[in-house]
Trainee: 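Sharing a structure, written as structure tokens. Questions coming.
Keep in mind that the numbers below use all heavy atoms, side chains included, and drop hydrogens, waters and symmetry copies. Convention: sequence-line order gives letters A, B, ...; per-chain numbering from 1.
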Amino acid sequence: MRTSELIFKSRREVPQDAEASSHQLLLRGNYIRRLTSGVYSFLPLGYQVLRRVERIVEEELDRVGASELLLPALHPVEIWRATGRDAKMADVLFGVEGKSGSFVLGPTHEEAVIEAMSPDIESYRDLPKLVYQIQTKFRDEPRARFGLMRTREFIMADGYSFDVDRDTMRASYQRFYEAYQAIFRRVGLKAEPVEADAGSIGGDVNHEFMVASSIGEDHFARCRECGYQANIEAARAGERAGVPVARDIEPVTYSTPNAPGVEIAVKALQDAGAEVEVASMLKSMLLVGEAGQLVLALLPGDRTLNVPRGMRLAEDVEMGDFVKGYIGPQGQSSRVTILADPLVRTRPSWASGANQEGSHTVGLRLGIDFNVDRFENLVVVQDQDPCPHCGAPLELVRSVEVGHTFQLGLTYSGMLAHARFSTVDGQELPYWMGCYGIGVTRVPAVIAQQYGSPEGDAVAWPVEVAPYVVSVVGVGATKDNDVVAVARRLHDLINAGGVSALLEDRDVSTGVAMRDLELIGSPIFCVVGARSLANKMVEIRDRMHDRTTLVPIEEAPAAVIALSRELTSECR
RNA sequence: CGGGAAGUGGCGCAGCUUGGUAGCGCACCUGCUUUGGGAGCAGGGGGCCGCGGGUUCAAAUCCCGCCUUCCCGACCA
């Protein structure tokens with residue numbers, strides 16, 4: 001390929017709306033172009049990167065025995081009603097009204113794959129089955145961001161497994177899990193599988209594949225000691241020793257007008273002369289359980305509530321005679337279930353709302369002034385919390401989710417009468433499913449973030465995803481020397497050797513040529529210069545390791561191809 | 001959905017306070033010179049100033065309403 005033939009025009013100015021360096025790079029290098037918020041075109045360069053990622057996904061999934069298929073993007077709303085997810089995912093569903101009924105643009109494909117596969121799964125003899133597709137998904141995200149990181153239309157590689165029981169489902173899960181690790185290695189990402197929360201997909205065991213990155217929207221907790229890793233939503237802190245409650249004090253109530261909420265309450269109490277701090281306030285938050293019952297959650301004032309599964313924060317109108325902003329646990333046991341985080345055992349006494357407008361009480365003791373029905377992890381883990389397995393301090397890592405694998409079990413098949421197979425002894429049972437997703441369009445952004453310059457003006461793509469592995473450029477060239485001819489010949493030989501090469505053949509200054517090639521991001525540059533040519537040498541740059549070597553012209557193609565192999569093997 | 005910022009040639013911005021016939025850099029076109037790291041000179045083309053209404057002799061500029069985009073948060077396979 002020649003640069004003169006590329007659809008390529010580099011942009012010198014930083015696009016105003018791009019914050020992340022990867023986003024800037026992808027725009028400046030003409031990889032992508034925004035059509036509207038959260039919707040992007042892939043221009044030829046970007047599409048090449050994307051296609052290379054897709055091919056790797058295909059190769060690795062084929063290798064573990066999954067079959068590629070293609071499901072529709074347009075779904076009749078009925079299949080979503082059947083699983084109840086038309087309501088559950090209503091806020092992200094794009095609806096389409098057609099002349100022949102209502103449709104949904106698929107945000108995910110569990111329902112669709114069941115419809116597609118069920119007729120072929122009649123008997124235990126038909127199982128297990130692993131399938132996947134690479135398909136465009138639509139989600140009406142409340143907030144698209146960071147270019148390709150979170151978009152409303154994106155491509156996902158989603159896989160599904162069908163099995164006779166839990167054990168075989170786990171074996172299928174393991175096959176996808178291993179393929180995922182291979183895929184991320186090959187695209188050059190260090191993706192760490194972490195325990196995760198199942199979200200609206202449902203199901204049991206699941207892992208997120210997280211890449212530590214400054215543009216991450218997630219955090220996961222990691223224990224350096226024992227290797228425990230979990231998404232912040234799923235992570236639990238280990239137990240800490242409780243302390244005895246204070247016997248020698250009594251609760252004191254202070255007047256704290258206009259001080260709802262922990263921060264202002266602390267200030268008001270301090271002004272009133274009480275000895276309190278944010279960490280010694282007890283946050284009392286009203287939750288609504290699945291059956292609509294009220295639950296009071298207790299946690300330290302400096303902690304964030306991790307709303308337990310199936311519950312939600314109560315709305316103002318549901319709070320009845322609870323005094324919003326002044327709720328305390330004292331005297332409440334008879335009317336609500338009281339849940340408390342184990343941290344509530346780690347202080348001799350607490351300050352809290354006094355259950356009446358404008359006053360707080362200090363010196364409340366667990367078991368004396370208030371009681372707890374059940375202890376349960378209620379707080380979001382923080383940096384330095386103890387590991388639940390070994391007690392060592394956890395660290396929080398900002399990260400991007402590039403993949404997610406779920407053991408769904410019977411979550412969907414159990415709801416659908418036709419999602420069944422016959423067992424050896426003739427019973428009809430729902431099959432066990434797993435589902436697996438990779439955010440394909442997100443991957444180039446994460447790679448660009450990791451392998452690009454902080455200024456968003458250069459990148460060295462990992463070999464297997466680079467649009468062109470080698471860029472050949474002649475410099476110091478005048479039309480009457482043979483720099484151009486040598487550069488062209490090397491380009492042709494490298495291509496013939498099976499390594500994709502790009503020839504800079506435009507009539508531009510050296511500076512422009514080099515800057516542009518740095519945006520295109522070949523990991524290997526081959527620089528043919530008038531000076532070195534005088535000594536029959538050319539320059540080979542390994543941009544991944546920032547190494548430059550001079551080699552004789554005749555040896556250059558072989559040297560470049562060898563370097564390309566070396567870089568490839570580093571990612572396998 | 002809350003909080004903040006911004007919409008002016010393709011891109012990045014100035015002009016708006018104090019209304020008076022729209023400007024700069026990049027990119028683009030023509031010519032000449034240049035070519036080991038975003039070249040120089042000369043000439044040239046391109047703009048319902050986000051949309052709608054209002055005030056005024058006159059609106060990019062003042063007033064009202066709306067739309068869009070970005071950032072933070074809420075939310076989130």
Trainee: Is a donor on one side and an acceptor on the other found under 3.5 Å between the side chain of Asp341(A) and the backbone of Leu299(A)?
Mentor: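 No; judged by distance alone, with no hydrogens or angles, the pair does not exist.
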Trainee: Could you work out the separation of rA22(B) and rU8(B) based on their C1' atoms and round it to a whole Å?
Mentor: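 rA22(B) and rU8(B) have their C1' atoms separated by 9 Å.
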Trainee: OP1 or OP2 of rC70(B) sitting under 4.0 Å from any side-chain N/O of Ser37(A)?
Mentor: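 Affirmative; the distance criterion is met.
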Trainee: Over 60° means perpendicular and under 30° means parallel, so classify the ring planes of His404(A) and Phe406(A), tilted if in between.
Mentor: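 Judged by the thresholds at 30° and 60°, the geometry between Phe406(A) and His404(A) is parallel.
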Trainee: Using the P atom as the reference point in each nucleotide, state the distance between rC66(B) and rG4(B) in Å, no decimals.
Mentor: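 Between the two P atoms, the distance is 16 Å.
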Trainee: Which atom pairs link the protein and nucleotides 23-27 of chain B when you take only N or O atoms and keep those under 3.5 Å?
Mentor:
residue, atom, partner, partner atom, Å
rG25(B), N2, Glu13(A), OE2, 2.7
rA27(B), OP1, Arg12(A), NH2, 3.2

Trainee: Does anything in residues 148-163 of chain A come within less than 4.0 Å of RNA chain B? Heavy atoms only, and list the residues if so.
Mentor: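 Hits under 4.0 Å, by residue number: Arg150(A), Met156(A).
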Trainee: Under a 4.0 Å N-O cut-off, is there an ion pair linking Glu504(A) with Arg506(A)?
Mentor: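 A salt bridge links Glu504(A) with Arg506(A).
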Trainee: Taking only the P atom of each, what is the distance from rC62(B) to rG20(B) in whole angstrom?
Mentor: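 The same atom, P, in both gives a distance of 11 Å.
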Trainee: rC51(B) and rU69(B): how far apart are their C1' atoms, nearest whole angstrom?
Mentor: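 Here rC51(B) and rU69(B) have their C1' atoms 15 Å from each other.
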Trainee: Please check: side-chain N/O of Arg166(A) versus main-chain N/O of Trp432(A), any donor-acceptor pairing under 3.5 Å?
Mentor: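 Side chain of Arg166(A) to backbone of Trp432(A), a donor-acceptor pair under 3.5 Å: no, none is there.
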Trainee: OP1 or OP2 of rA39(B) less than 4.0 angstrom from a side-chain nitrogen or oxygen of Ser509(A), does that happen here?
Mentor: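 Yes, within the criterion.
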Trainee: Between atom CZ in Arg11(A) and atom C1' in rC28(B), what is the gap in whole Å?
Mentor: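 Result: 12 Å.
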Trainee: rC72(B), rC75(B), rU69(B): which one has an atom nearest the side-chain heavy atoms of Thr36(A)?
Mentor: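 When the side chain of Thr36(A) is considered, rU69(B) is the closest of rC72(B), rC75(B), rU69(B).
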Trainee: Can you check whether any acceptor in the base of rG38(B) is under 3.5 Å from a donor in the side chain of Arg28(A), or vice versa?
Mentor: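 Looking at the base of rG38(B), it does pair with a donor or acceptor on the side chain of Arg28(A) (distance under 3.5 Å).
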Trainee: What's the gap between rG43(B) and rG25(B) when it is taken at their P atoms, as a whole Å value?
Mentor: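 My reading of the P atoms in rG43(B) and rG25(B) gives 13 Å.
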Trainee: rA59(B) and rG50(B): how far apart are their P atoms, nearest whole angstrom?
Mentor: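 To the nearest whole Å, 15 Å.
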Trainee: Which part of the nucleic acid, if any, lies within reach of Val92(A) when heavy atoms closer than 4.0 Å are counted: base, sugar-phosphate only, or nothing?
Mentor: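 The answer is nothing, as Val92(A) stays clear of every strand by at least 4.0 Å.
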Trainee: Any strand is fair game: report the nucleotide pairing with rG7(B) by Watson-Crick or G-U wobble, both distances under 3.5 Å, or none.
Mentor: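 Here rG7(B) is engaged in a pair, and the nucleotide opposite it is rC67(B).
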Trainee: With a 4.0 Å cutoff (strictly under), does any side-chain N or O of Ser532(A) reach OP1 or OP2 of rG36(B)?
Mentor: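 For rG36(B), OP1/OP2 do not have a side-chain N/O of Ser532(A) under 4.0 Å.
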Trainee: Roughly how far apart, to the nearest Å, are rG54(B) and rA58(B) at atom C1'?
Mentor: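 To the nearest whole Å, 15 Å.
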Trainee: Just compare rC71(B), rG36(B), rA39(B) and give me whichever is closest to any side-chain atom of Glu19(A).
Mentor: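 For the Glu19(A) side chain, the nearest candidate turns out to be rC71(B).
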Trainee: Keeping Gln135(A) on the side-chain end and Leu71(A) on the backbone end, is there a donor-acceptor pair under 3.5 Å?
Mentor: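 Confirmed, Gln135(A) side chain pairs with Leu71(A) backbone.
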Trainee: Can you tell me which residue among Tyr173(A), Tyr436(A), Tyr132(A) is in a side-chain hydrogen bond (donor to acceptor under 3.5 Å, both in side chains) with Ser161(A)?
Mentor: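 Testing Ser161(A) for a side-chain hydrogen bond (donor to acceptor under 3.5 Å, both in side chains) against Tyr173(A), Tyr436(A), Tyr132(A) leaves exactly one candidate, Tyr436(A).
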